[in-house]
Amino acid sequence: MQDKLTLMIPGPTPVPETVLKEIGRHPIGHRSSEFQNLVQRTTEQLKWLHQTTNEVLVLTGSGTAAMEAGIINTLSKGDKVLCGENGKFGERWVKVAKAYGLDVKVIKEEWGKPLDPTKFKNELENDKKKEIRAVIITHSETSTGVINDLKTISEYVHRYGNALIIVDCVTSLGACNVPMDEWELDVVASGSQKGYMIPPGLSFVAMSKRAWKAYERSDLPKFYLDLGPYKSTSLKNSNPFTPAVNLYFGLEKSLNMMQEEGLANIFNRHSRHRSAIQAAMHAIKLPLFAAEEHGSPSITAIEPQFINAEELRKTVLNRYDILLAGGQDHLKGKVFRIGHLGFVNDRDILTVIAAIEGTLDALRLHKTNPGAGMAAAARILA
Ligand SMILES: *Cc1c(COP(=O)(O)O)cnc(C)c1O
C-alpha cells in the first residue's frame with residue numbers, strides 16, 4: 001500500500017514526521033548567522049550524544065566517508081594497524097586501510113562470533129617496539145548482528161601500547177552506551193541514517209586529542225575529507241564547504257527528541273527491543289545467528305534453516321509492507337535481519353513479530369502455536 005512501507009533494516013531507518021517536515025523547509029545560506037547558530041546548537045548536541053568534550057565534525061557523505069576520514073587523518077603510508085574483522089563492515093575497514101597502503105594485520109573471527117579482545121591484547125603485548133599505530137574495529141557488526149567488546153579492546157589498546165583506537169560506531173551510537181571520553185576512544189565514526197533518525201547524507205567523526213596529534217604527522221592524501229579545515233571552521237560554527245543544510249535542520253530536531261528521551265532511556269529501549277525479539281524468535285523456534293549475549297542492540301540476525309530467508313523476507317514485505325534486511329555475501333538466503341534502531345517503539349517490535357508469525361503460518365511452516373512469539377515479546381516489553 002502506498003506510503004505504508006515500514007523500514008526495519010539497519011539503515012536507512014524510519015524518520016519522524018517532525019524531522020521530515022523540518023528537512024522540507026526552504027534552504028538557508030550556509031554562511032548566514034542563522035545557519036551558524038544552528039551549527040553551534042547541533043555541535044553541543046552531538047558532543048552530548050558522543051559523551052565527549054571533543055569536537056564532533058559533520059561531513060556530507062554516508063558513514064563510510066567518516067570511516068575513511070578516520071584513517072586518512074591519523075595514519076601514514078606503511079603504518080602498522082590491527083583490524084578486527086568479523087563481518088562485512090570489518091571487511092570494509094580492511095579494504096579502506098589497504099587502499100591507503102597501510103600494513104594491515106587482520107584479527108578475524110567467524111561471522112556471527114564476536115571479536116576476541118585477548119587476541120588484540122596478545123598482539124599489542126608482543127609488539128615490543130610499539131610499532132602498531134592503530135587498532136581499528138567495528139562496534140556493532142551490522143552484517144551479523146554482533147556487538148563487539150569495544151570497552152575491553154580499548155582498555156587493552158591504552159594499557160599495552162600507544163596505538164589509536166579507531167571505531168565504526170555507525171549502528172551503536174544512539175543505540176547503546178558509547179562514552180567516547182570515558183572509554184578513551186580516539187576516532188568515532190557514525191552516519192545519519194542509523195541511530196540519528198534522519199535520512200542518509202551526513203556522517204560524523206569525532207577525534208580525541210591523541211588523534212589530533214597523530215593528524216599532524218599523517219601523510220595520507222586527502223582533500224575533501226581533510227579534517228583540519230572541518231575542525232577550524234567548526235570552532236567558528238561553520239563548515240569548509242557547502243554542507244547539507246536541510247539535513248542539519250532535521251539533525252537538530254532529531255537530537256532534540258533524543259535529548260528529551262535521555263541517553264539512559266534510549267539505551268534501555270534498544271536493549272528491551274533486542275531482548276523481546278530474541279525471546280520471540282526463541283519461542284517460534286527461529287534460531288538466532290549470533291549468540292544472545294553478543295546480540296547487537298540495533299540489529300538481530302536470524303537463520304531460519306527450514307525456510308529460505310529471502311522467501312520469508314519477500315513474503316513479509318508483500319503481505320505486510322515491512323522491509324527486513326537480507327543476509328550479505330555468503331549469508332544471502334540463509335539469514336534475514338531485523339533492524340530495530342532509532343525511531344522504533346514497542347508497537348513496531350510487536351508488529352514485526354506478528355508479521356513473521358503470520359508469514360510462517362501462511363506458508364504452513366509455523367513450528368508452534370501462532371502467537372507464541374508475540375506472547376514472549378509482550379512479556380518482556382510489559
Ligand atoms: C551502515 C553502516 C556503515 C556505513 O555505511 P554507508 O553505506 O557508507 O552509510 C558502516 N558501518 C556499519 C557497521 C554500518 O551498519
Side-chain angles (χ1 to χ4, degrees), residues 7-15 50 56-72 83-97 99-100 108-109 111-115 135-150 153 165-178 185 187-206 224-225 244 247 250-251 254 270 274 289-290 294-301 323-329 331 335-344:
L7 293 175
M8 294 204 80
I9 56 174
T13 62
V15 180
H50 288 70
V56 182
L57 307 175
V58 183
L59 314 173
T60 306
S62 75
T64 308
M67 293 167 65
E68 182 157 338
I71 294 222
I72 62 182
C83 268
E85 184 196 301
N86 58 335
K88 185 88 182 162
F89 290 97
E91 280 181 358
R92 184 170 299 178
W93 269 135
V94 174
K95 283 184 188 164
V96 178
Y100 284 99
K108 245 190 200 182
E109 294 302 329
W111 287 36
K113 300 272 186 305
L115 294 173
V135 170
I136 305 172
I137 70 162
T138 309
H139 190 194
S140 162
E141 180 45 81
T142 309
S143 60
T144 61
V146 164
I147 189 90
N148 287 313
D149 187 355
L150 171 59
I153 293 174
I165 170 88
I166 299 177
V167 201
D168 170 347
C169 291
V170 179
T171 52
S172 61
L173 200 79
C176 62
N177 198 25
V178 187
L185 308 176
V187 177
V188 173
S190 61
S192 58
Q193 79 276 27
K194 310 280 174 119
Y196 289 87
M197 310 189 286
I198 59 179
L202 295 181
S203 60
F204 308 88
V205 57
Y224 191 72
L225 294 179
L247 290 177
L251 177 65
S254 69
H270 283 83
R274 166 181 53 197
F289 181 66
H294 302 300
S296 160
S298 44
I299 313 105
T300 302
L323 183 65
L324 301 172
Q328 291 172 290
D329 294 350
L331 297 181
V335 156
F336 73 91
R337 293 172 298 150
I338 305 175
H340 37 96
L341 169 61
F343 188 52
V344 175

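One-based numbering, in listed order, for ligands and for the atoms of each. Bear in mind the structure is a predicted one, so any value in this text is a computation, not a measurement.
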Side chain proximity check, [X] to [Y], heavy atoms < 4.5 angstrom:
X	Y	value
Glu91	Ser143	no
Pro114	Asp149	no
Val344	Thr13	no

Close-range residues for ligand 1, whose non-hydrogen atoms fall below the 4.0 Å threshold: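 Lining ligand 1: Ser62, Gly63, Thr64, Met67, Phe89, Arg92, Thr138, Ser140, Thr142, Asp168, Val170, Thr171, Gln193, Lys194.
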What orientation do Tyr196 and Phe204 show, parallel under 30°, tilted 30 to 60°, or perpendicular over 60°?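 Answer is parallel, since the angle falls under 30°.
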Main-chain N/O of Leu115 paired to Asn148 side chain as donor or acceptor, under 3.5 Å: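 Confirmed, Asn148 side chain pairs with Leu115 backbone.
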Please check this pair: side chain of Ser298 against backbone of Leu341, looking for a donor-acceptor N/O pair closer than 3.5 Å.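 Such a contact is absent between Ser298 side chain and Leu341 backbone.
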